[in-house]
Amino acid sequence: PSAVTAGAAAQNVAFAIASNTEWTVTSTSDWAAPKMVSGSGNAIVTVALAENSSHTADREAKIVVSAGNEVERTQSEFTMTQISRELPSIFLTHNTLSFAANAKTAGTNVANIPIVTNITGDVKVTSEFSWCDATYSNGVVTVTVQDNTANEPRTCIVTVFADVEGSMVMKQILVTQ
C-alpha cells in the first residue's frame, strides 16, 4: 500500500511483502513497531500500533521495506497514519428540570436524566445547595429535591463533570422549584 490509516486504539495492521530475496522492515516511529523485521521471500508482516492517546493530533510513521543485498537494493515505503482519539464528551438528555414547591410531599421530587458519554473514567456530579441533591450511577444523573417551604422560587445548578487528562469536561443542569 502507499498509505494506511488506522484508528486511535492499540491494534495490529498487516501488509504483504512479495519478494524473491531477503528483505528488512523498519519504522520511523516507535509507536508503529514491525513484529517481523527481516525475512526472505513472500510474507505477511504485522505492525503493532500503540494507542494514540492524543485528542488533537493524528500521527504518522513511515514503514520502509528494503530488499536485496549491498550490490542490488530496492526500497519501498508507505505512510502509516493513526488518527487521534475522539474528544471526550458528555451529552445530557435534559439540561433543565422544574419541580413544584411541594414536590417531596407529592412524591414527584426525583428526576432521572440519562447521559451519553465516551469518557471511560469517573463521571461525577455536584449540586450547589443541600435542598437539591444529585448523584450519578450507571449513566444516569438522579436529582432529588426537598419541599420549598419558603414559597419563593429558587434555582440550583447541578454540574456533571469528568477530569480527562487534566482537562475538565462538564455540562450543567438548571433546576428550578
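Starting from 1, each residue takes its place in the sequence as its number.
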The remaining residues in the hydrophobic cluster of F91, counting side-chain heavy-atom contacts under 4.5 Å among Ile, Leu, Val, Met, Phe, Trp and Tyr, are V116
- Message: Looking at D122 and A162, would you say the former's side chain and the latter's main chain have a donor-acceptor pair under 3.5 Å?
- Response: no
Between Q172 and T159, do the side chains contain an N or O donor and an N or O acceptor separated by less than 3.5 Å?
yes
Tightest non-hydrogen contact, residues A101 and N151, listed as CB-OD1, 4.5 Å
Output for pair (I17 CD1, W23 CH2), nearest 0.5 Å, gives 4.0 Å
Decide whether M36 and V4 are clustered together by the hydrophobic rule: side chain heavy atoms of Ile, Leu, Val, Met, Phe, Trp, Tyr closer than 4.5 Å, transitively.
yes
Query raised in the report: Between the main-chain N or O of A61 and the side-chain N or O of T28, is there a donor-acceptor pair closer than 3.5 Å?
Result: no
Rounding to 0.5 Å, atoms CD (E22) and OG (S40) come to a distance of 5.5 Å
Going by chain and number, the hydrophobic cluster around M170 (ILVMFWY, side chain to side chain under 4.5 Å) further includes F161, M168
Between A100 and Q177, the two heavy atoms sitting closest are O-NE2, 3.0 Å
Sorted by chain and residue number, the salt bridge (Lys or Arg N to Asp or Glu O under 4.0 Å) partners of E60 (sequence neighbours excluded) come out as none
In this structure, OG of S29 is separated from CG of L49 (nearest 0.5 Å) by 10.5 Å
Joining Ile, Leu, Val, Met, Phe, Trp and Tyr whenever any side-chain heavy atoms lie under 4.5 Å apart, the cluster holding V145 also takes in I90, L92, L97, F99, I113, I115, I119, V123, V125, F129, W131, Y136, V141, V143, V158, V160, V164, V169, I173, V175
So salt bridge (charged side-chain N to carboxylate O under 4.0 Å, His left out) across residues 81-93, not counting sequence neighbours, yields E51-R85, R85-E165
Side chain to side chain donor-acceptor pair (under 3.5 Å) pairs touching residues 71-82, sequence neighbours excluded, are R59-Q82, K62-T79, S66-Q75
Taken to the nearest 0.5 Å, the spacing of N52 CG from S84 OG works out to 6.5 Å
*Under the side-chain hydrogen bond (donor to acceptor under 3.5 Å, both in side chains) rule, what do T46 and N12 come out as? Steps first, then yes or no, please.*
CA-CA 6 Å; T46 301; N12 292 323; over 6 Å; no
Verify whether one side chain among N112 and T142 offers a donor that lies under 3.5 Å from an acceptor in the other.
-> yes
Tightest non-hydrogen contact, residues A14 and I44, listed as CB-CG2, 3.9 Å
Heavy atoms of G68 and T21 approach each other most closely as N-CG2, 3.6 Å
Any side-chain to backbone donor/acceptor pair from E152 onto A150? Under 3.5 Å, distance only. no
* Do the side chain of N118 and the main chain of L87 share a donor and acceptor less than 3.5 angstrom apart? -> yes
| message | Please say yes or no: joined through hydrophobic side-chain contacts below 4.5 Å, possibly via intermediate residues, are M80 and V64 part of one cluster? | response | no
